[in-house]
Structures are given as C-alpha cells and as structure tokens.
Trainee: 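This structure is in structure tokens; I'll ask about it shortly.
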Amino acid sequence: MLRTERHARILEHVTARGGIEVHELSRLLDVSTATVRRDLQHLSGLRLLRRTHGGAAVGPMDLEMPLQHRAGRSRPEKQAIAEAAAALVPDGAVVGMNGGSTVTEVARLLAARGPLTVVTNAVNIAAELVLHKHVTLIVIGGNARNASYELVGPIAEKTLASYHTDIAFLGVDGISTAHGCTTHDQLEAATDRAFADNSGRTVVVADRTKIGRATLAKICPLTGIDDLVTDGAAPDAELAGIAAAGVKVTVG
C-alpha cells in the first residue's frame, strides 16, 4: 500500500468513527504500530486529525484536505461516479473541468475514449491529458492553489469568459439544498462559477461525503447546475431535495 493511500485510509477510519486507536489501525492496515504512529504524527502536523493518547481523533471539521490525501479516498465509488458522468459526454464535445479527485477520474475515462477538447484549470489533469494526442487541451492560467492543484483568480475567470464548453464537470466540497454548491476557497469558488456560467450544461460530481455539506465559499445555487452525479450511499433525503430544486440526480 502506498503511503498516500495509507494516509487516506487512516483519515477515512478516523472520520467514520470520530476516533481510533493505534493498535486498531495497525490491524486494519496490516502495518506495524510504529508505522501508524509516524503516519498519525505526519497527519497531525498537517492538522488533518488530532493526536490522542494511544490513537487519533477527528481534527478541525471544515479543514480542506489536500488533493494527494483525497485521491485514494472512496476510489471505487469515485470511479463509478466517473463512469456515469463520462456517459453524459457526446463524441467530440468541448468539456470544461475544474480540479478534484473525482473530476480527475472523469478526465481519465474521457481521454481513453476518443477525440475531444478539454478546457481545464487543474494542472494535474493537464499533465495527464497532454500525453493523449487525440485530446485538444486548453489550460486556463491563474494563481496556483497547492491544496487542489488548480489555477484560480481573475486571470482564470477572464480566460474562461472567452470560451464556451458543451459540458462542464465541477468538483465541489459541498452541495446541499440549503446552500447550493460550495468550496473552501473564495478565489476557487469564483473560478468554478465561471466554468458554470460559460457552459451549456454543468454537472457536479460528488461522492457521499459532499452531499448535504456546506463550506466557506459559495460557487452557485442549485439553479446554477443541471446535474449531480453521486454514489449510492449518498443520503436519500438530501438527494430528494436537490432533485426537487430541478437538478437531475444520477447515482453511479
């Protein structure tokens, strides 16, 4: 198991239970207690959890998790979401993509499928797609965010206003009936909004951990998106409310 994947698994266990002991993590991950303690110390230093006597507990509830720690979380569910989302894209489409682990999965599927044009502000997605000769890649410039690998800000917004995409995929940190689509960073929210404003169809891809959640910066209300693609463990009541607001909900 890769170190980043192990960290993601630790964070999942801590979040699900509220707290967990070192020996339990050692058993679940099949690694030594010394390895677990080093991992917990590292994650505590990043303020992603709180060290306790003999284990760890949930850290700051609204702290943004860096992409490298999100990438391995709920991977099968994210891949299922990506497959359902990629099915919405017609051949030869112009596709907008912001950052995030689930949007990255969508990008990989589309790149393997056939010719298309991708407009993105995510440097990790751009680095993967530039290797595919049948993908016309347009990278939006801006200020780099090391938490999400996205280029954001006024430059990104101005550039996006010069393009029109057939469909745009947005990764968000929260989507709810009460607060619409939200993310942790104000500049990122404005850039995400520019993706939605300049697309014929806006699709949010979000696993169950994002449903019913709200974070600091508002991207847009539910009326600003067309579709939500999520996984089967998302809360039914919240999905019903989102659908009632006019958003087409697809479970991957």
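Residue numbers run from 1 in the order of the sequence given. When reading the values below, keep in mind they use all heavy atoms of this one structure, side chains included, and skip hydrogens, waters and symmetry mates.
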Trainee: How many angstroms lie between atom SG of Cys220 and atom CD1 of Ile175, to the nearest 0.5 angstrom?
Mentor: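 Taking SG in Cys220 and CD1 in Ile175, the distance rounds to 8.0 Å.
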
Trainee: Could you please spell out the steps behind the side-chain contact (heavy atoms from CB on, under 4.5 Å) verdict for Lys218 and His179?
Mentor: CA-CA 8 Å; Lys218 188 164 188 174; His179 300 284; 5.6 Å; no

Trainee: Of all heavy-atom pairs between Lys210 and Val172, which one has the smallest distance, and what is that distance?
Mentor: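 Taking Lys210 first and Val172 second, the nearest heavy atoms are NZ-O, 3.3 Å.
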
Trainee: In terms of side-chain heavy atoms, does Thr183 have a donor or acceptor partner in Asp192 at a distance below 3.5 Å?
Mentor: no

Trainee: Taking all non-hydrogen atoms of both residues into account, name the closest pair between His164 and Val94 and its distance.
Mentor: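 Minimum heavy-atom contact is O-CG1, 3.9 Å.
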
Trainee: Looking at every heavy atom in both Leu49 and Ala56, which two are closest together, and how far apart are they?
Mentor: CD1-CB, 4.1 Å

Trainee: Name each donor-acceptor pair under 3.5 Å that joins a side chain in residues 133-142 to protein atoms two or more places apart or in another chain, with its distance.
Mentor:
unit_1: His134; atom_1: NE2; unit_2: Ala111; atom_2: O; d: 2.5

Trainee: First locate atom CZ of Arg9, then atom CG of Leu29, and finally report the distance between them rounded to the nearest 0.5 Å.
Mentor: 5.5 Å

Trainee: Got Glu105 and Ile81 here, is their nearest side-chain heavy-atom distance under 4.5 Å?
Mentor: no

Trainee: Is it the case that the side chain of Thr182 and the backbone of Ala217 share a donor-acceptor pair, with hydrogens and angles ignored and the cut-off at 3.5 Å?
Mentor: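 Not at all, since once roles are kept as given, no pair shorter than 3.5 Å links the two residues.
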
Trainee: Side chain to side chain contact (heavy atoms under 4.5 Å, CB included) with Met97: which of Thr165, Val106, Ile167?
Mentor: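 Only match with Met97 under side chain to side chain contact (heavy atoms under 4.5 Å, CB included): Val106.
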
Trainee: Count I, L, V, M, F, W, Y as connected when their side-chain heavy atoms are under 4.5 Å apart, and connections chain through other members. Are Leu110 and Val119 then in the same cluster?
Mentor: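 Different clusters: Leu110 never reaches Val119 through Ile, Leu, Val, Met, Phe, Trp or Tyr contacts under 4.5 Å.
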
Trainee: How far apart are the closest heavy atoms of Ala245 and Leu222, and which atoms are they?
Mentor: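 Answer, listing the atom of Ala245 first, then Leu222: CB-CD1, 3.7 Å.
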
Trainee: Looking only at heavy atoms, which two atoms of Asn124 and Thr104 are closest? And how far apart?
Mentor: ND2-OG1, 3.2 Å

Trainee: Got a list of side-chain donor-acceptor pairs under 3.5 Å for residues 223-231, not counting sequence neighbours?
Mentor:
unit_1: Asp226; atom_1: OD2; unit_2: Thr202; atom_2: N; d: 2.8
unit_1: Asp227; atom_1: OD1; unit_2: Arg201; atom_2: NE; d: 2.9
unit_1: Asp227; atom_1: OD1; unit_2: Arg201; atom_2: NH2; d: 3.4
unit_1: Asp227; atom_1: OD2; unit_2: Arg201; atom_2: NH2; d: 3.0
unit_1: Thr230; atom_1: OG1; unit_2: Ala206; atom_2: O; d: 2.7
unit_1: Asp231; atom_1: OD1; unit_2: Ala233; atom_2: N; d: 2.9
unit_1: Asp231; atom_1: OD2; unit_2: Arg208; atom_2: N; d: 2.8

Trainee: If we ignore hydrogens and angles and just use 3.5 Å, is the side chain of Thr102 paired with the main-chain N or O of Lys78 as donor and acceptor?
Mentor: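 Side chain of Thr102 to backbone of Lys78: no pair is present.
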
Trainee: I'd like a table of donor-acceptor pairs (distance under 3.5 Å, sequence neighbours excluded) in which one partner is a side-chain atom from residues 150-162, with atom names and distances.
Mentor:
unit_1: Glu150; atom_1: OE1; unit_2: Gly99; atom_2: N; d: 3.2
unit_1: Glu150; atom_1: OE1; unit_2: Asn121; atom_2: ND2; d: 3.3
unit_1: Glu150; atom_1: OE2; unit_2: Ser148; atom_2: OG; d: 3.4
unit_1: Thr159; atom_1: OG1; unit_2: Ile155; atom_2: O; d: 2.8

Trainee: Of all heavy-atom pairs between Leu216 and His184, which one has the smallest distance, and what is that distance?
Mentor: CD2-O, 3.4 Å

Trainee: Output, in order, the C-alpha distance, side-chain angles, deciding distance and verdict of side-chain contact (heavy atoms from CB on, under 4.5 Å) for Leu48 and His7.
Mentor: CA-CA 10 Å; Leu48 296 175; His7 289 174; over 6 Å; no

Trainee: With salt bridge (Lys or Arg N to Asp or Glu O under 4.0 Å) as the rule and sequence neighbours excluded, what pairs involving residues 27-36 come up?
Mentor: Glu24-Arg27

Trainee: Kindly say whether Ala168 contributes a backbone atom to a donor-acceptor pair with the side chain of Ser199 at under 3.5 angstrom?
Mentor: yes

Trainee: Sorted by first residue and then second, give each salt bridge (Lys or Arg N to Asp or Glu O under 4.0 Å) pair with at least one member in residues 232-252; sequence neighbours left out.
Mentor: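 Output for this query is empty, none listed.
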
Trainee: Just wondering, are more than 12 heavy atoms of other shown residues or ligands nearer than 6.0 Å to NE2 in His132?
Mentor: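 Atom NE2 in His132 is packed in, count exceeds 12.
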
Trainee: I'd like to know if Val130 and Val103 are part of one continuous hydrophobic network [Ile/Leu/Val/Met/Phe/Trp/Tyr, side-chain heavy atoms within less than 4.5 Å].
Mentor: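 Val103 clusters together with Val130.
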
Trainee: Under 3.5 Å, which donor-acceptor pairs link side chains of residues 83-90 to any protein atom two or more places apart or in another chain?
Mentor:
none

Trainee: Is Leu40 close to Leu25 at the side-chain level, that is, under 4.5 Å between some pair of heavy atoms?
Mentor: yes

Trainee: Roughly how far, to the nearest 0.5 Å, is the OG1 atom of Thr35 from the CZ atom of Arg6?
Mentor: 6.0 Å

Trainee: State whether the number of non-hydrogen atoms from other residues, nucleotides or ligands found under 6.0 Å of Glu128 atom CD is greater than 12.
Mentor: yes

Trainee: Quick one: do Leu170 and Cys181 satisfy side-chain contact (heavy atoms from CB on, under 4.5 Å)? Show the steps, please.
Mentor: CA-CA 10 Å; Leu170 295 185; Cys181 301; over 6 Å; no

Trainee: If Ile, Leu, Val, Met, Phe, Trp and Tyr residues are connected whenever their side-chain heavy atoms lie under 4.5 Å apart, and connections chain through other members, are Val205 and Val118 in the same group?
Mentor: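 Val205 and Val118: one cluster.
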
Trainee: Please round to the nearest 0.5 Å and tell me the distance separating atom OG1 of Thr117 and atom CG of Leu129.
Mentor: 11.5 Å

Trainee: Is the shortest side-chain heavy-atom distance between Leu43 and Val14 below 4.5 Å?
Mentor: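 No; the side chains remain at least 4.5 Å from each other.
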
Trainee: State plainly whether one hydrophobic cluster holds both Leu28 and Ile10, where clusters connect Ile, Leu, Val, Met, Phe, Trp and Tyr through side-chain heavy atoms under 4.5 angstrom apart.
Mentor: yes

Trainee: So if you build clusters from Ile, Leu, Val, Met, Phe, Trp, Tyr with side-chain heavy-atom gaps below 4.5 Å, do Ile219 and Leu187 land together?
Mentor: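 Per the 4.5 Å side-chain linkage, Ile219 and Leu187 are not co-clustered.
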
Trainee: Does a side-chain heavy-atom distance below 4.5 Å link Asn198 with Tyr163?
Mentor: no

